[in-house]
Q: 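Below is the structure I would like to discuss, written out as structure tokens.
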Amino acid sequence: IMENVIEVKNLTKEYKNLKAIDNLSFEVKSGEILGLLGPNGSGKTTTINSVLSLIKADGQIKIFGKEMSPDAYDIKRKIGVVFQEIAVFSELTVYENIDYFCSLYIADKNKRKEYVNDAIKLVGLENYKKFYPKQLSGGLLRRLNIACGISHKPELIFLDEPTVAVDPQSRNNILEGIKKLRDDGASIVYTTHYMEEVVDADYVYVMDKGHVVMQGTPREIFSQVGTLKEHRLDVPQITLLADLLRQSGLDIPLGV
Ligand code: ADP
Ligand code: MG
């Protein structure tokens, strides 16, 4: 088994006078959840788009040990992507939407049926299979968007701000789903600007202005809450944070 599924070195992306990504380097280890934590505009989406070769950036990107490029289809078919913007067909039901995206990868009907149902179960949409997107709440719609991106059981999954503007129940469902995908063997990269969500990651890179400003385990990141505030990250009430830490077995003094 390969240790690093992603290796990014010296990634830079400039838009006119703005460096959206500024000499960024990071690694994702096989079977781990990597959290990219950063305020809006820190370069999270640009990083994902560059790593996927959707946009051209300077630097080196290796996925599964191979150079990533726009036509690296052998790499791409082992990847699942859940974009920040919801992208589903309004004409198709929940089941049909997931089945459509799954069919791009899985030709065998029986296997696909199994995969689609696994995805529905993972995001908890069992009771909504025949619903159309417009009949779903924001949180359920985001869960559908996730199911569409992961139903083909990819080895590597990217989720860009999967919990933005969802109700607490959907948020928990999504974060639990991410952990289940990891426990089933996938490697995962997800972005967030909510500091408390890094509890669910195995390793965290904190980004600001296209740089990595801090990296470490959630425990190491949380021990520097004061520093994180300087980077305009959403910091919940300290008591809530302490509760989250305790639930996660990360009971540490916060020093704030
Ligand atoms: P995040 O996902 O962390 O919110 P983004 O990666 O979307 O951040 O954006 C990083 C920076 O790059 C922001 O300042 C944003 O305005 C800028 N940016 C992103 N895409 C473009 C683009 N196509 N043209 C010009 N500037 C862009
Ligand atoms: Mg973004």
Side-chain angles (χ1 to χ4, degrees), residues 6-28 33-61 63 68-70 79-88 138-139 141-146 148-150 154 156-167 170-171 174-175 177-178 181 187-201 203-216 218 221 224-225 227-236:
I6 304 179
E7 288 178 2
V8 171
K9 280 193 193 131
N10 307 116
L11 195 69
T12 296
K13 176 70 186 178
E14 287 184 55
Y15 291 114
K16 294 198 176 141
N17 301 325
L18 174 89
K19 277 192 178 165
I21 312 175
D22 189 1
N23 205 29
L24 181 72
S25 300
F26 67 92
E27 293 164 1
V28 183
I33 301 176
L34 180 87
L36 283 181
L37 171 68
N40 286 327
S42 57
K44 303 182 298 295
T45 298
T46 308
T47 299
I48 289 188
N49 289 344
S50 304
V51 170
L52 292 170
S53 271
L54 298 173
I55 58 174
K56 203 173 152 25
D58 296 323
Q60 294 140 272
I61 298 160
I63 302 186
M68 185 56 176
S69 67
I79 294 178
V81 189
V82 179
F83 291 105
Q84 199 168 348
E85 310 297 335
I86 306 275
V88 297
L141 195 56
R142 201 154 276 278
R143 283 148 75 166
L144 171 59
N145 200 43
I146 292 170
C148 289
I150 58 88
L156 174 60
I157 300 168
F158 293 84
L159 303 107
D160 197 2
E161 307 242 18
T163 62
V164 158
V166 302
D167 55 283
S170 280
R171 185 192 221 192
I174 290 166
L175 294 171
I178 289 174
L181 290 166
S187 309
I188 294 165
V189 177
Y190 78 99
T191 72
T192 179
H193 62 265
Y194 301 118
M195 200 180 70
E196 66 270 30
E197 287 189 0
V198 303
V199 165
D200 296 287
Y203 200 78
V204 179
Y205 286 86
V206 183
M207 290 180 66
D208 199 10
K209 303 185 182 77
H211 300 281
V212 171
V213 291
M214 199 187 298
Q215 69 181 74
I221 298 296
Q224 302 184 49
V225 171
T227 313
L228 290 165
K229 280 180 177 165
E230 289 163 23
H231 293 290
R232 300 169 290 129
L233 287 159
D234 292 349
V235 180

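In each ligand, atom 1 is the first atom listed, and ligand 1 is the first ligand listed.
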Q: Hey, which of Ile61, Val51, Ile6 is the one that makes side-chain contact (heavy atoms from CB on, under 4.5 Å) with Met68?
A: Ile61
Q: Could you go through His193 and Val164, starting from their C-alpha distance and side-chain angles, then the distance that decides it, and tell me whether this counts as side chain to side chain contact (heavy atoms under 4.5 Å, CB included)?
A: CA-CA 9 Å; His193 62 265; Val164 158; 3.8 Å; yes
Q: Report, in ascending order of atom number, the atoms of ligand 1 lying under 4.0 Å from any heavy atom of Ala20.
A: 11 (C), 12 (O)
Q: Answer yes or no for Thr191: is there an N/O/S atom below the 2.8 Å cut-off from the Mg ion (ligand 2)?
A: no
Q: Does the protein place a non-hydrogen atom closer than 4.0 angstrom to atom 16 (O) of ligand 1?
A: no
Q: Is it true that a side-chain atom of Lys44 and a backbone atom of Gly38 form a donor plus acceptor pair closer than 3.5 Å?
A: yes
Q: Closest non-hydrogen protein atom to atom 21 (C) of ligand 1, residue and atom name please, with distance?
A: Tyr15 CE1, 3.3 Å
Q: Which of the numbered atoms in ligand 1 are under 4.0 angstrom from any heavy atom belonging to Pro39?
A: 3 (O)
Q: Report the C-alpha separation of Leu11 and Lys13 in whole Å, then their side-chain angles, then the decisive distance to 0.1 Å, and conclude whether the side chain to side chain contact (heavy atoms under 4.5 Å, CB included) test is met.
A: CA-CA 7 Å; Leu11 195 69; Lys13 176 70 186 178; over 6 Å; no
Q: Taking backbone and side chain together, does Gln84 place any N/O/S atom at a distance below 2.8 Å from the Mg ion (ligand 2)?
A: yes
Q: I'd like to check whether Thr45 has a polar contact with ligand 1, where a contact means an N/O of the residue lying under 3.5 Å from an N/O of the ligand.
A: yes
Q: Quick one: closest heavy-atom pair of Gly139 and Asp167, and the distance?
A: CA-OD1, 3.6 Å
Q: Give the residue, atom name and distance (to 0.1 Å) of the protein heavy atom nearest atom 8 (O) of ligand 1.
A: Gly43 N, 3.2 Å
Q: What is the nearest protein non-hydrogen atom to atom 13 (C) of ligand 1, stated with its residue, atom name and distance?
A: Gly41 O, 3.8 Å
Q: Indicate the atoms forming the closest heavy-atom contact of Val189 with Val28, along with that distance.
A: CG2-CG2, 3.8 Å
Q: Of the options Leu159, Ile178, Leu181, which is the one that meets Ile146 in a side-chain contact (heavy atoms from CB on, under 4.5 Å)?
A: Leu159
Q: Against Ser50, only a single residue in Val8, Thr12, Ile55 fulfils side-chain contact (heavy atoms from CB on, under 4.5 Å); can you say which?
A: Ile55
Q: Does an N or O from Glu161, backbone or side chain, lie closer than 3.5 Å to an N or O of ligand 1?
A: no
Q: Which is closest to atom 5 (P) of ligand 1 by heavy-atom distance: Leu18, Asn49, Thr46, Asp160?
A: Thr46
Q: Using a strict cut-off of 4.0 Å, indicate which atoms of ligand 1 neighbour a heavy atom of Asn40.
A: 4 (O)
